[in-house]
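In the text below, chain A, chain B and the rest are named by the order of the sequence lines, each starting its count at 1.
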There are 2 protein chains.
Amino acid sequence: MAESTAANGPEADDGRPDLAAMMVPLGRALMAAELPVLRAHGLSMWAYAVLLALGEEPTRSQSALAQAIGADKTRIIGVLDGLQDRGLIERRPDPRDRRVHLLLLTPEGRRLRDAARNGIRRWEDRLLARLADDDREAFLRGLRTLSALPEEEIADPGPAAPPR
Amino acid sequence: MAESTAANGPEADDGRPDLAAMMVPLGRALMAAELPVLRAHGLSMWAYAVLLALGEEPTRSQSALAQAIGADKTRIIGVLDGLQDRGLIERRPDPRDRRVHLLLLTPEGRRLRDAARNGIRRWEDRLLARLADDDREAFLRGLRTLSALPEEEIADPGPAAPPR
DNA sequence: ACATATAGTAAGCGACTGCATATCATCCAT
DNA sequence: ATGGATGATATGCAGTCGCTTACTATATGT
């Protein structure tokens, strides 16, 4: 069955490049573009990811946080240290289990997160303005849907056809 | 102006996470999911990227190819060596400038590329089936549009409103 | 109380990447 | 013909990442 398309030209099928082939470089470019904004607020990419994740839900345990932002649990320790030293987050031992740390944003941290996020949001809006008005919302919906999928479902997304 | 949103809850604004914050992990997951498919064809990610890039337009000079797929020019040499040894691509000195190499897929390479691409395409279709029917096309259009933008325009996407 | 398990921390390893340098062949302008 | 650019190549360095191991403090089940 591969042969039918194999016989076609280079722009066979719908000419759509690989999803990952578009997504990965685009992600890289987005990250590169955001970096200066973050640097202006003294944030690294990981630090920003932490602030975003904490803002969305005050997190119990660092491992959970690490998992949530797709980082290694041992690698965010330094990041958390830095944020804590700057008074942007609080590490508070959970009274019910003194092994785990409750992580929460300080008002300061919330302010910085919002400032950085607004800076990035303004840039994103200009970027998204490049999309056709009709596509923009659907694009964002699609992106959110896919990025919310658990990893296993991406690896093996079940049967092919939702009643088309 | 940051304060207006700073006062809101965690899901303030439109609750949209950062673009890069969605795109980068998603890209990683996509890549991870594609890897087994590629491995089954004996291809690395870079090798596959090369095959795709060559398929789309026979490329003059390796630097150009490297740039096209966002790789380091010195790092794809080994990849090209491997592909050439397996008879998947041809490195032919340009008769008009014998310093540069013309890079082209052999029929074999074309076959392998298509086989791998079809495998990936099948998986992608199942994944994209997770999106609402109305969103799917727009999502792909948006993704293609953005990923086709030159890096500079992503870094600085000009004024907010596109001369619609 | 004792054994087992888990959270956070520290340190190191291997792989990959981007970046820089050096070499050689070839081209181009003078 | 000569000098200065350029493409491909080889090599090495530094930074980052994911992963593993080990250690400490704490919790839980027996």
Figure out the [atom1]/[atom2] separation between [X] and [N], and round it to whole Å.
{"X": "B:Arg92", "N": "C:dT26", "atom1": "CZ", "atom2": "P", "result": "18 Å"}
{"X": "B:Gln67", "N": "D:dA8", "atom1": "CD", "atom2": "C1'", "result": "16 Å"}
{"X": "A:Arg60", "N": "C:dA7", "atom1": "CZ", "atom2": "P", "result": "9 Å"}

(request) Starting at the 5' end of nucleotides 9-21 of chain C, put B wherever the base has a protein heavy atom under 4.0 Å, S where only the sugar-phosphate does, and a dash everywhere else. (result) BBBBB---BBBB-
Atom [atom1] of [X] and atom [atom2] of [Y]: how far apart are they, to the nearest 0.5 Å?
{"X": "A:Thr145", "Y": "B:Leu128", "atom1": "OG1", "atom2": "CG", "result": "11.0 Å"}
{"X": "B:Leu51", "Y": "B:Arg110", "atom1": "CG", "atom2": "CZ", "result": "10.5 Å"}
{"X": "B:Leu38", "Y": "B:Leu43", "atom1": "CG", "atom2": "CG", "result": "6.0 Å"}

(request) Applying side chain to side chain contact (heavy atoms under 4.5 Å, CB included), run through A:Ile69 and A:Leu52 and close with a yes or a no. (result) CA-CA 9 Å; A:Ile69 65 177; A:Leu52 282 185; over 6 Å; no
Would you please name every residue forming a side-chain hydrogen bond (donor to acceptor under 3.5 Å, both in side chains) with [X], sequence neighbours left out?
{"X": "B:Asp134", "value": "none"}
{"X": "B:Arg28", "value": "none"}
{"X": "B:Arg39", "value": "none"}

(message) Quick test of your reading: applying side-chain hydrogen bond (donor to acceptor under 3.5 Å, both in side chains), list the pairs with at least one residue in residues 77-90 of chain B, sequence neighbours left out, ordered by first then second residue.
(response) B:Asp81-B:Arg91, B:Gln84-B:Arg91, B:Glu90-B:Arg92
Expected rows: protein N/O vs nucleotides 26-30 of chain D N/O, under 3.5 Å:
residue, atom, partner, partner atom, Å
D:dA27, OP1, A:Arg98, N, 3.1

